[in-house]
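Whatever order the structure lists them in is the order used to number ligands and atoms, beginning at 1. Because the structure is a prediction, the values reported are computed rather than measured.
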Amino acid sequence: MTANLFDVLRARRTIRRYTPEPVSDEDIDALLEAAMYAPSRMDRRPWRFIVLRDQALQQEMADALGVRNYLAEAPALIVVCADPAASPTWMMDISAATENLLLAAADRDLGAAWVGWPESAWWQPVEALLRRRIGVPDDIRVATVVAVGHPAEERAPYTREERFDVTLIHDGRWGNKRLP
Ligand SMILES: Cc1cc2nc3c(=O)[nH]c(=O)nc-3n(C[C@H](O)[C@H](O)[C@H](O)COP(=O)(O)O)c2cc1C
């Protein structure tokens with residue numbers, strides 16, 4: 001495990017190819033634990049999680065979204081759901097949780113991919129599918145799906161030069177930019 005936060009931040013890349021090796025319950029629980037340390041408005045914690053290890057259903061989800069087969073091939077999916085009645089800021093709250101989850105995956109050398117666009121027509125079929133097939137209630141939103149597995153592709157960690165873009169920063173007043 002990596003000790004340095006910035007090493008983990010830079011190493012977190014979206015991984016869409018996985019070996020067939022299962023992801024252990026211990027790893028899944030560590031990811032979920034990390035997710036649940038996230039901040040949320042008024043500490044409402046509107047996130048709910050479904051752990052899926054069901055290749056047939058995963059294939060149906062990949063087909064419903066028309067995405068490449070990483071959803072079907074991942075040894076596990078973590079479906080991040082939200083209870084909108086618990087918090088109107090559920091989309092932001094679950095995003096914080098999802099990022100924590102991805103960072104924990106990177107820290108454990110697992111590969112993960114975040115998939116989701118809850119307010120789009122594209123997303124509706126997968127939400128309907130999960131209601132129909134595994135009983136997600138009508139008042140719970142399916143917010144994101146995170147594919148998790150042992151990486152079968154390597155992606156280089158980010159560097160500071162690549163990502164730290166001073167032109168995106170305004171000092172004290174919009175338009176006051178630092179010299180690059
Ligand atoms: C809200 C959100 C939705 C995403 N949806 C998808 C998706 O549907 N399919 C996919 O392959 N990647 C998806 N991604 C991953 C992004 O494509 C990826 O984070 C981006 O290309 C940057 O690459 P990196 O994660 O390696 O830094 C999503 C990421 C976020 C934050």
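Within a 6.0 Å radius of CE in Met36, more than 12 heavy atoms belonging to other residues, nucleotides or ligands are found. By the neighbour-count criterion of 12 heavy atoms within 6.0 Å, atom CZ of Arg17 is sparsely surrounded, having that number or fewer from other residues, nucleotides or ligands. Remark: Arg45 CZ is loosely packed, at most 12 non-hydrogen atoms of other residues, nucleotides or ligands lying under 6.0 Å away. More than 12 heavy atoms of other residues, nucleotides or ligands sit less than 6.0 Å from atom CD of Glu153. Other residues, nucleotides and ligands contribute at most 12 non-hydrogen atoms within 6.0 Å of the CD atom of Glu154.
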Between ligand 1 and the protein, which N/O pairs fall short of 3.5 Å?
| residue | atom | partner | partner atom | Å |
| --- | --- | --- | --- | --- |
| ligand 1 | 5 (N) | Trp114 | O | 3.2 |
| ligand 1 | 9 (N) | Tyr70 | OH | 2.9 |
| ligand 1 | 11 (O) | Arg16 | NE | 2.6 |
| ligand 1 | 11 (O) | Arg16 | NH2 | 3.1 |
| ligand 1 | 11 (O) | Tyr70 | OH | 3.0 |
| ligand 1 | 12 (N) | Arg16 | NH2 | 3.3 |
| ligand 1 | 14 (N) | Trp114 | O | 2.9 |
| ligand 1 | 17 (O) | Arg16 | NH2 | 3.3 |
| ligand 1 | 19 (O) | Thr14 | OG1 | 3.3 |
| ligand 1 | 25 (O) | Arg12 | NH1 | 2.9 |
| ligand 1 | 25 (O) | Arg12 | NH2 | 3.4 |
| ligand 1 | 25 (O) | Thr14 | N | 3.3 |
| ligand 1 | 25 (O) | Thr14 | OG1 | 2.4 |
| ligand 1 | 26 (O) | Arg13 | NE | 2.9 |
| ligand 1 | 26 (O) | Arg13 | NH2 | 3.4 |
| ligand 1 | 26 (O) | Thr14 | N | 2.8 |
| ligand 1 | 26 (O) | Arg155 | NH1 | 3.3 |
| ligand 1 | 27 (O) | Arg12 | NH2 | 2.8 |
| ligand 1 | 27 (O) | Tyr158 | OH | 2.4 |

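Note: His170 and Trp174 have parallel aromatic rings, judged against thresholds of 30 and 60 degrees for the angle between ring planes.
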